There are 2 protein chains.
Amino acid sequence: MSEDTEAPPGSAAIARLRRELARGTTELAVLSVLGVRRRYGYELLKVLRETGEGVLEVKEGTLYPLLHRLEDSGHILATWEVEGRARPRKYYVITPEGRTYLTMLRTEWSGLVDGMRQLLDALGEVRE
Amino acid sequence: MSEDTEAPPGSAAIARLRRELARGTTELAVLSVLGVRRRYGYELLKVLRETGEGVLEVKEGTLYPLLHRLEDSGHILATWEVEGRARPRKYYVITPEGRTYLTMLRTEWSGLVDGMRQLLDALGEVRE
DNA sequence: CCCGATGCCTTGTCGCGCAAGGTATCGGGT
DNA sequence: ACCCGATACCTTGCGCGACAAGGCATCGGG
C-alpha cells in the first residue's frame with residue numbers, strides 16, 4: 001500500500017477553493033482578451049494559460065460554454081473561418097454591448113478587490 | 001405598459017455577476033474577521049457589511065451554512081453563550097487549523113488578484 | 001502506425017450564494 | 001393593548017458557473 005492514491009495532502013481542497021475564488025473571473029478575463037483583438041477558442045485557452053502566471057487555468061469544459069453564453073447574450077460575435085485550413089476555427093469578436101459589459105465587469109472587480117483589501121488590511125493591523 | 005416590472009436595467013445582471021465574482025471571498029472574509037477575535041454570527045453579519053465599503057453584502061442564508069461548514073471541517077469552534085441574556089449567542093473562535101487554512105486562502109486570493117492585474121494591465125496598455 | 005497536438009463540442013455532478021421562509025425575545029411607538 | 005422592527009438563530013429549494021470526462025475529426029512527427 002505504499003502506492004499512495006492521494007496527491008499532496010490538501011491539494012484537492014486547494015483546487016476547490018481556487019475554483020470558487022476564480023468564479024466569474026473567467027468571464028472578465030475572456031472578455032478582456034477579446035477586447036484587444038479577435039481570437040478563436042483554442043487560442044484563448046493558450047493565451048489565458050500563459051498570461052497571469054497561470055493563475056487562470058481555464059478548462060475546455062469551462063471556456064466553450066462560456067463563449068456560447070456570451071454569444072447568446074450578444075456580448076461577442078462568432079465567425080467560422082476555414083481559409084484552406086483543414087481544421088476550421090471559430091473566431092470571436094467583442095460587440096459594443098460587450099464593451100459596455102466589460103467596463104461594468106472591470107468596475108465590479110476592482111470594487112471587490114478594493115473592499116477585500118480594506119478588510120484584510122484593517123485586520124492585518126490589529127493582528128500586528 | 002408604462003408600468004415597468006423591471007428595476008433599473010441590468011441591475012439584476014449586476015447582482016448576478018457580483019454574486020459570481022464574490023464567490024468564495026466570503027469564506028476568506030469571515031475567517032479573517034475571526035482571526036482577530038471571536039464573534040457571534042449576527043455580529044459577523046454587521047461587521048462584514050460595515051467593512052470594505054459594503055462590497056461584501058453577506059446574507060444570512062449564506063453566512064450560517066458557511067459557519068457550519070467551517071465548524072464541521074474544524075476551522076472554527078462554536079460556543080453557546082447565554083449569560084442572563086434572553087437571546088443566546090453562538091460565538092465562533094478560529095482554530096490552529098483554521099489559521100493555516102486562512103493563510104492558504106490569503107495566498108490564493110492575492111495570487112488571483114496579481115494574475116488578474118497582470119492580465120488586465122497588459123491589455124490596458126495595448127488598448128491605449 | 002500510433003499518439004499528441006489542434007480544434008470544436010456535450011452531459012452530468014458538485015457546491016456556493018441566496019431568496020424565502022420559520023422561530024423566538026425584546027423594546028419603542030401609537 | 002397591539003404591532004413592528006431589531007436581535008438572534010436556523011432551514012429548504014433553486015440557479016448557475018466550473019469542471020471531469022467523454023466524444024469527434026484532422027494533421028504531423030517518431
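If you're wondering where the values come from, they're calculated on a predicted model, not measured in any experiment. In what follows, chains carry the letters A, B, and so on, assigned in the order in which the sequence lines appear, proteins first and then strands, with residues in each chain numbered from 1.
- Below the 3.5 angstrom threshold, one finds a donor paired with an acceptor across the side chain of A:Arg23 and the base of D:dG17.
- For B:Arg16 against C:dC18, no side-chain N or O and base N or O form a donor-acceptor pair under 3.5 Å.
- Not one N or O on the side chain of B:Lys90 forms a donor-acceptor pair closer than 3.5 Å with the backbone of B:Pro88.
- The two residues B:Pro65 and B:Thr62 have their closest heavy-atom pair at CD-O, 3.6 Å.
- In this structure a side-chain-to-backbone donor-acceptor pair under 3.5 Å is present from A:Thr51 to A:Val47.
- Between D:dA6 and B:Lys46, no contact under 4.0 Å exists linking OP1 or OP2 to a side-chain N or O.
- Taking atom CG of residue B:Leu17 and atom C1' of nucleotide D:dA18, one finds them 17 Å apart after rounding to whole Å.
- What separates OH of B:Tyr42 from P of D:dC10 is a distance of 14 Å, to the nearest Å.
- OP1 or OP2 of D:dA18 lies within a sub-4.0 Å distance of a side-chain N or O belonging to A:Thr26.
- Checked against C:dG7, C:dG17, D:dA8, the side chain of B:Arg87 finds its nearest nucleotide in D:dA8.
- Each end of the helix from C:dC1-D:dG30 to C:dT30-D:dA1 yields a helix axis from five base pairs, and these two axes differ in direction by 0° (to the nearest 10 degrees).
- Atoms CG (B:Leu44) and C1' (D:dC10) sit 16 Å apart, rounded to a whole Å.
- Here B:Arg69 pairs with nothing under the salt bridge (charged side-chain N to carboxylate O under 4.0 Å, His left out) rule; sequence neighbours left out.
- Atom CD of B:Glu43 is separated from atom C1' of D:dA6 by 15 Å (rounded to the nearest Å).
- Side-chain proximity of B:Tyr92 to C:dT6, D:dT7, D:dC10: nearest is D:dC10.
- Here the nucleotide nearest the side chain of A:Tyr64, chosen from C:dA5, C:dC9, C:dC16, is C:dC9.
- The side chain of A:Lys59 approaches D:dC19 more closely than any other nucleotide in the set D:dC10, D:dC19, C:dG17.
- Rounded to whole Å, atom C1' of C:dC18 lies 17 Å from atom CD of B:Glu27.
- Residue contacts shown for B:Glu60 include a base, since a base heavy atom lies under 4.0 Å away.
- The backbone N or O of A:Val58 lies less than 3.5 Å from a partner atom in the side chain of A:Arg49, making a donor-acceptor pair.
- Inter-residue side-chain proximity for B:Arg37 and B:Arg39 is flagged as met; some heavy-atom pair is nearer than 4.5 Å.
- The distance from atom CD of B:Glu108 to atom C1' of D:dA18 is 16 Å, rounded to the nearest whole Å.
- Using a cutoff of 4.0 Å between basic side-chain nitrogens and carboxylate oxygens, A:Arg18 and B:Glu108 are scored as salt-bridged.
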For A:Tyr101 and A:Glu27, run side chain to side chain donor-acceptor pair (under 3.5 Å): C-alpha distance rounded to whole Å, both residues' side-chain angles, the deciding distance at 0.1 Å, then the answer. CA-CA 10 Å; A:Tyr101 182 60; A:Glu27 194 169 315; 2.3 Å; yes
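- Across A:Leu120 and B:Ser32, no two heavy atoms sit closer than the pair CD2-OG, 3.2 Å.
- B:Thr62 has no side-chain polar atom (N or O) that falls below the 4.0 Å cut-off from OP1 or OP2 of C:dC16.
- Heavy atoms of B:Gly41 sit under 4.0 angstrom from primed sugar atoms or phosphate atoms, though from no base atom.
- When the P atom of D:dG17 is taken as reference, atom CG of A:Leu28 falls 15 Å away, rounded to whole Å.
- Across every non-hydrogen atom of A:Ser110 and A:Thr107, the tightest pair is OG-O, 3.2 Å.
- Checking the phosphate oxygens (OP1, OP2) of D:dA8, a side-chain nitrogen or oxygen of B:Tyr40 falls inside 4.0 Å.
- A straight line from CG of B:Leu63 to P of D:dT7 spans 15 Å, rounded to a whole angstrom.
- For the contact set between residues 66-81 of chain A and DNA chain C, defined by any heavy atom under 4.0 Å, the members are A:His68, A:Trp80.
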